[in-house]
Amino acid sequence: MTFKRAGFLTKIVVLILLIYMALSLIDVRGKIQGVQTQRDDLARQVTDQRLENQKLADAIANSDDPEMQEQVARDRGYVEKDETLFIDVAN
């Protein structure tokens, strides 16, 4: 059983296909890295949002707590009676 040797044109076609496949692989690898970076950013955002949701859930659960009410009032800029508020305008 003898095999016929591949011709010059066949070798060129195979070489072109190999180069095309290598370039496609490099392109896909770059896309994968970009998507992984995006996934990591989204995972970080999910974690931050879960922490924020937990803080809000705690605030809702403790809404009757006087300390919590005072903290919310301070965050909104309210002051107690006969209290003077000084605002730093230097920044």
Over 12 non-hydrogen atoms of neighbours within 6.0 angstrom of CD in Glu67 | no

State which residues pass side-chain contact (heavy atoms from CB on, under 4.5 Å) with Val79; sequence neighbours excluded, sorted by chain then number.
-> Glu83, Leu85

Between Asp75 and Gln71, does any side-chain donor sit less than 3.5 Å from a side-chain acceptor?
->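 A donor-acceptor contact under 3.5 Å links the two side chains.
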
Transitive ILVMFWY cluster of Ile19 at side-chain heavy atoms under 4.5 Å: who else is in it?
-> Leu15, Leu23

Under the criterion side chain to side chain contact (heavy atoms under 4.5 Å, CB included), which of Leu17, Ile16, Leu18 is the partner of Val14?
->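 When side chain to side chain contact (heavy atoms under 4.5 Å, CB included) is applied between Val14 and each of Leu17, Ile16, Leu18, only Leu18 qualifies.
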
What side-chain donor-acceptor pairs closer than 3.5 Å can you find for residues 41-49, not counting sequence neighbours?
unit_1 : atom_1 : unit_2 : atom_2 : d
Asp41  : OD1    : Arg44  : NH1    : 3.0
Thr47  : OG1    : Ala43  : O      : 3.0
Gln49  : NE2    : Asn53  : OD1    : 3.1

